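My structure is below; once you've seen it, I'll send some questions.
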Amino acid sequence: MSNTAIKAAADLRKAVKAALEKAIDNGELVKADIPEFTIEVPADRKNGDFATNAAMVGARAFRAAPRKIAESITGNIDLSETYMSSCEIAGPGFINFFLAPKYYSDVLREIEEKGSDYGRSDFGGGEKVMVEFVSANPTGPMHMGNARGGALGDCLASVLDKAGFKVWREFYVNDAGNQIEKFANSLNARFIQAVKGEDAVEFPEDGYQGEDIKDAAALFIEENGTALIDADEDMRKKALVDFALPRNIAKMQADMKKYRIEYDKWFMESELHESGAVKDVVELLKSKGLTYEKDGTVWYKNKEVVTQLLKAQGKTDEEIERLELKDDVIIRANGNPTYFTADIAYHKNKFDRGFSRLINVWGADHHGHVARMKGSMNAIGYNGDKLEVILMQLVKLVKDGQPVRMSKRTGKAIQLGDLLEEVPVDSARFLFNTREANSTIEFDLDLAVAQDNQNPVYYVQYAHARICSIVKALAAEGIEPRECTDEELQLLTAPEEKELIDHLAAYTQEIISSAKSCDPTKITKYVTQLATLFHKFYNACRVKGEEEPLMQARLNLCIAVGSVIKNVLEMFKITVPEKM
């Protein structure tokens with residue numbers, strides 16, 4: 001709800017409460033504490049614009065039938081200080097309320113006055129929130145899951161900012177640990193094979209098989225020659241990693257920038273190791289009695305910790321048993337910490353930097369990691385409930401109705417960089433935000449490049465361009481938009497006009513709802529519906545050719561719609577065309 005809509009609901013609540021108090025005072029209802037009741041906007045507004053269940057929930061307290069209580073409320077209510085014009089009882093005791101024309105004019109005035117700040121609220125109270133997303137492994141190129149995670153994470157961060165949170169975007173780079181060892185071994189093998197032939201050395205069984213490893217080794221040789229073939233193996237591996245890893249990270253940063261994502265920090269895992277933070281977290285777990293040693297390795301009592309967490313959440317012993325929880329190695333026999341150990345240290349670091357709420361966007365394959373990560377935060381003295389994980393399902397690429405796995409241009413698996421060369425960034429960012437994270441998405445390459453209303457982002461952009469066209473066409477005839485009086489704005493009484501203004505009024509609350517549920521797709525759906533309602537209005541209500549007061553009122557409505565569409569698209573870093 002806009003501030004106008006929020007005020008409408010708040011004032012109505014006061015009026016309903018005052019009516020109940022009056023009914024108690026005059027003896028119509030027995031004296032009792034007034035129970036909590038709801039004021040809501042019905043899904044179907046044909047029967048009313050707002051509704052309350054006050055009579056239904058008051059039946060026990062007032063020892064009366066809901067219908068009788070509803071009659072007492074409607075008989076004693078004073079709507080003069082509210083945006084409501086009238087009310088009526090429905091069914092067994094629900095009460096529906098109807099908005100007065102002033103409400104609609106005030107919504108449009110609020111949009112005009114707030115401009116780009118319309119929809120912004122202080123719901124979050126300035127709470128410091130970190131959104132960590134994408135965080136792709138730097139040992140290889142980014143893929144379609146990263147494309148989806150980038151759009152979801154960045155747009156969620158924007159929604160949280162609009163809802164009044166202090167937001168920080170972060171990319172965690174795993175530039176240390178086991179995966180870098182595998183990277184080094186893979187590069188080393190490809191380097192030797194490139195110099196001495198395929199049979200010169202066997203490729204590591206757990207090595208990275210991608211063509212990008214061969215490409216990196218070939219580029220190293222092109223720029224540095226083959227002298228390293230005679231060097232100490234550890235020196236050669238280090239040189240290869242020092243050459244390839246920064247290039248991979250730079251490519252990631254370039255792809256993210258092209259995708260219009262700017263992070264506040266690219267956090268390097270190596271920072272944690274160099275600062276001693278990883279060793280410190282191991283000592284902390286030891287001091288709390290949550291580790292033990294076995295076969296030369298240090299284990300973390302994950303099963304014990306997560307069992308406590310799940311029991312606190314109400315899980316039964318049988319449910320927990322089915323999960324087959326196990327303890328985790330945190331220090332390998334060779335003395336090196338595991339990925340999980342660094343992850344604990346990283347999330348501790350996040351809390352230590354003053355973030356009170358942590359949101360991670362992870363792939364669905366990390367499902368089993370969620371409980372142990374939350375549990376580990378509880379174990380070291382932080383609140384695991386303040387770590388929220390959005391699990392994102394797979395992306396299926398489709399073209400001509402058929403699944404696509406390979407790029408025609410390169411003959412290799414499609415990467416994020418390939419996608420951004422084939423598909424407009426506007427389409428990618430919008431389409432990846434049309435389905436909730438927990439559902440699989442089919443990304444239609446044909447739809448993404450379509451210049452018609454079947455493409456959702458084109459459909460929304462076209463609504464904005466159409467509004468600009470209306471304003472421009474009227475200006476060519478010497479008609480400029482002007483500020484309307486309340487009486488003029490209250491000429492907007494057609495069903496299509498009221499429905500459109502009602503939707504505009506819902507924007508602020510939709511932002512808050514999206515922030516609460518960590519679901520930015522609510523806003524994509526909101527703006528798509530706004531475009532639909534605008535096209536419906538445009539087809540039913542003429543702007544040009546009406547009497548001047550009505551024409552100006554409708555022109556003001558068009559401009560308000562254009563302002564909110566622009567507001568959403570700019571928030572999601574999507575271009576806002578004035579002509580198409």
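What you are looking at is a predicted structure, and each value in this text was computed from that prediction instead of being measured.
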> How far apart are the C-alpha atoms of Tyr459 and Thr532, what are their side-chain angles, what is the distance that settles it, and do they pass the side-chain hydrogen bond (donor to acceptor under 3.5 Å, both in side chains) test?
Replying inline: CA-CA 9 Å; Tyr459 180 68; Thr532 297; 2.9 Å; yes
> Which residues pass the ring-ring contact (aromatic ring centres under 6.0 Å, His included) test with Phe351, sequence neighbours left out?
Replying inline: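 Expected list: Tyr382.
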>> Contact between Tyr104 and Gln490 at the side-chain level, heavy atoms closer than 4.5 Å - yes or no?
In response: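 In short, these two side chains do not touch, never coming nearer than 4.5 Å.
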>> Pairing donors with acceptors under 3.5 angstrom, does anything connect the side chains of Glu28 and Asn76?
In response: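 Yes.
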>> Tell me every residue that passes ring-ring contact (aromatic ring centres under 6.0 Å, His included) with Phe430, counting only those two or more places apart in sequence or in another chain.
In response: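 Not a single residue meets the ring-ring contact (aromatic ring centres under 6.0 Å, His included) criterion with Phe430.
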>> I'd like to know whether Phe534 forms a ring pair (Phe, Tyr, Trp, His ring centres under 6.0 Å) with Tyr462, so could you lay out the CA-CA distance, the side-chain angles of the two residues, the decisive distance to 0.1 Å, and finally the verdict.
In response: CA-CA 11 Å; Phe534 173 74; Tyr462 179 66; 9.3 Å; no
> If only atom types and distance count, is the side chain of Asn433 paired as donor or acceptor with the main-chain N or O of Ala151 below 3.5 Å?
Replying inline: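 Here the side-chain-to-backbone pair exists.
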>> Closer than 3.5 angstrom, by distance alone: can the side chain of Asp161 be matched with the main-chain N or O of Ala157 as a donor-acceptor pair?
In response: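 Not confirmed, Asp161 side chain does not pair with Ala157 backbone.
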> Given His369, which of Arg372, His366, His367 fulfils the side-chain hydrogen bond (donor to acceptor under 3.5 Å, both in side chains) condition?
Replying inline: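 With His369 as partner, Arg372, His366, His367 yield a single side-chain hydrogen bond (donor to acceptor under 3.5 Å, both in side chains), made by Arg372.
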> Counting N and O atoms only, with roles assigned by atom type, does the side chain of Thr38 sit under 3.5 Å from a partner on the main chain of Thr52, one being a donor and the other an acceptor?
Replying inline: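 Flag not set: sc Thr38 to bb Thr52 has no pair under 3.5 Å.
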> Applying the ring pair (Phe, Tyr, Trp, His ring centres under 6.0 Å) test to Phe133, which of Tyr172, Tyr263, Phe171 qualifies?
Replying inline: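 Per the ring pair (Phe, Tyr, Trp, His ring centres under 6.0 Å) rule, the option paired with Phe133 is Tyr263, out of Tyr172, Tyr263, Phe171.
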> Among Gln393, Lys525, Lys522, which residue meets the side-chain hydrogen bond (donor to acceptor under 3.5 Å, both in side chains) test with Glu436?
Replying inline: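 One option only clears the test, and that one is Lys525.
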>> Quick check on side-chain hydrogen bond (donor to acceptor under 3.5 Å, both in side chains): which of Asp11, Asp106, Asp49 does Tyr83 satisfy it with?
In response: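 Passing option: Asp106.
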>> Quick check against the 3.5 Å criterion: does Asn567 have a side-chain atom that pairs as donor or acceptor with the backbone of Tyr118?
In response: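 Side chain of Asn567 to backbone of Tyr118: a pair is present.
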> Taking it one step at a time, do Arg435 and Thr524 satisfy side-chain hydrogen bond (donor to acceptor under 3.5 Å, both in side chains)?
Replying inline: CA-CA 9 Å; Arg435 295 291 300 274; Thr524 314; over 6 Å; no
> Are a donor atom and an acceptor atom from the side chains of Asn360 and His347 found within less than 3.5 Å of each other?
Replying inline: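 The criterion, which ignores hydrogens and geometry beyond distance, is satisfied for His347 and Asn360.
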